[in-house]
Amino acid sequence: MQTGENLLMQQLTVSQELDFNSETYKDAYSRINAIVIEGEQEAHQNYIQLAELLPDQKDELTSLAKMENRHKKGFQACGRNLSVTADMEFAKEYFSDLHQNFQTAAASGNIVTCLLIQSLIIECFAIAAYNIYIPVADPFARKITEGVVKDEYMHLNFGEEWLKENFEASKTELEQANKQNLPLVWRMLNQVEKDAHILGMEKDALVEDFMIAYGEALSNIGFTTRDIMRMSAYGLTA
Ligand code: Y39
Ligand code: FE
Ligand code: FE
Ligand code: FE
């Protein structure tokens, strides 16, 4: 059992390890902050495109797109607060494969693939990253991130609800899109492992939180445990 004193000690240890103003911290932050800003910008565009593909849900999707834009502004403020310049070129490259896959799917009207990429994979990635970041964030960024993560659960829920209602017709395309895109997530996590560690975020914890959120989403949509195990195995060695 943890005593209050032990928890306080842990908390102090964490805050002593992280110097938000050190060059090491700021250098890592210039990439992670850029990834988050670019991710929010792309999420904004993705929901605008989804609103065109799903005209019946245009209003809801437009409102999700607006939230993503607010998230982007919030994380830009976090960078300014630490006097960090985000490395946007790095971040654009970081998202390029997922971006390309979304664009290709959108151009072909493959709504199921678009929803899997944005509303399941990217939202679960955001939920894992933000939940792991909150306890180790600077006080300013923590407040912003706490507000943002609540919205991300709503975005994930949108994708779950739509895919659940259209489960039988979507199943094959979902499996195919999972096979194509899940390996990209593992590669992306490996790419930021070092920088994330410097910010106090461990890769194991990120993977665990991602898999919990993603597995739960697949289950809510209608996949069996057996399906989920099989689908989760893709790209684990990427
Ligand atoms: O839906 C959204 O708002 C998603 C775009 C945001 C994803 C942000 C991705 C964060 C990855 C950070 C990696 C930290 C280890
Ligand atoms: Fe967001
Ligand atoms: Fe989102
Ligand atoms: Fe360390």
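All values derive from a computational prediction rather than experimental measurement. For ligands, and for the atoms within them, numbers begin at 1 and follow the listed sequence.
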_Exercise: identify the closest heavy-atom pair between Arg187 and Tyr94_ = NH2-O, 4.3 Å
*Residue pair Ile198 / Thr24: nearest heavy atoms and the distance that separates them*: CG2-O, 3.7 Å
*Name the option, out of Val149, Ile122, Asp151, that contains the heavy atom nearest to atom 4 (C) of ligand 1.*
Ile122
*asked:* Tell me the protein heavy atom at minimum distance from atom 10 (C) of ligand 1, and give that distance in Å.
replied: Val36 CG2, 4.0 Å
*Which residue and non-hydrogen atom of the protein lie closest to atom 8 (C) of ligand 1, and at what distance in Å?*
Tyr130 OH, 3.5 Å
*Could you give the distance from CG (Leu115) to CZ (Phe102), rounded to the nearest 0.5 Å?*
8.0 Å
*asked:* A side-chain contact here means heavy atoms from C-beta on lying under 4.5 Å apart; do Gln57 and Glu161 qualify?
replied: no
_Can you tell me if Met188 contacts ligand 1 (heavy atom of the residue under 4.0 Å from the ligand)?_
no
*Evaluate the side chain to side chain contact (heavy atoms under 4.5 Å, CB included) criterion for residues Val36 and Tyr133: first the C-alpha distance (whole Å), next the side-chain angles of each, then the deciding distance (0.1 Å), finally the verdict.*
CA-CA 12 Å; Val36 170; Tyr133 178 52; over 6 Å; no
*Which ligand 1 atoms are under 4.0 Å away from a heavy-atom of Gln118?*
1 (O)
*Provide the number and element of each atom of ligand 1 under 4.0 Å from a heavy atom of Glu152.*
1 (O), 2 (C), 3 (O)
*Return the residue, atom name and 0.1 Å-rounded distance of the protein heavy atom closest to atom 7 (C) of ligand 1.*
Ala126 CB, 3.7 Å
*What pair of heavy atoms forms the shortest contact from Asn181 to Asn101, and how long is it?*
OD1-ND2, 2.8 Å
*Write the atom name of the N, O or S atom in Glu68 that is nearest the Fe ion (ligand 2).*
OE1
*Which distance, rounded to the nearest 0.5 Å, do you find between the CD of Glu152 and the CE of Met67?*
9.5 Å
_Contact check: Glu152 to the Fe ion (ligand 2), N/O/S below 2.8 Å_ = yes
*Where ligand 1 meets Glu68 - atom numbers and elements under 4.0 angstrom, heavy-atom basis*: 1 (O), 2 (C), 3 (O)
_Looking at every non-hydrogen atom in both residues, tell me the closest pair between Met231 and Leu182 and how far apart they are._
O-CD2, 3.5 Å
*Return the minimal non-hydrogen interatomic distance between Ala34 and Ser30, and the atom names on each side.*
CB-O, 3.3 Å
*asked:* Closer than 2.8 Å to the Fe ion (ligand 2): does that hold for any N, O or S atom in Glu40?
replied: yes
*When you check the gap from the basic side-chain N to the acidic O, do Asp151 and Arg70 get nearer than 4.0 Å?*
no
*Where ligand 1 meets Glu123 - atom numbers and elements under 4.0 angstrom, heavy-atom basis*: 1 (O), 2 (C)
*Specify the protein heavy atom at minimum distance from atom 13 (C) of ligand 1: its residue, its atom name, and the distance to 0.1 Å.*
Phe125 CZ, 4.1 Å
*Candidates Gln76, Lys92, Lys72 - the one meeting side-chain hydrogen bond (donor to acceptor under 3.5 Å, both in side chains) with Gln41*: Lys72
_Numbering as shown, the atoms of ligand 1 that approach Val192 to under 4.0 Å (heavy-atom distance)_ = 15 (C)
_Minimum-distance pair of heavy atoms, taken over all atoms of Ile48 and Ala65_ = CG1-CB, 3.8 Å
*asked:* Counting only nitrogen or oxygen atoms and a 3.5 angstrom limit, does Tyr94 reach ligand 1?
replied: no
_Per-atom contacts of ligand 1 with Gly39, taking only distances under 4.0 Å to non-hydrogen atoms_ = 5 (C)
_Taking N, O or S atoms only and a limit of 2.8 Å, check whether His71 reaches the Fe ion (ligand 2)._
yes
*Nearest to atom 12 (C) of ligand 1, what protein heavy atom do you find, and at what distance?*
Ala129 CB, 3.9 Å
*Taking the Fe ion (ligand 3) as the reference point, name the nearest N/O/S atom of His155.*
ND1
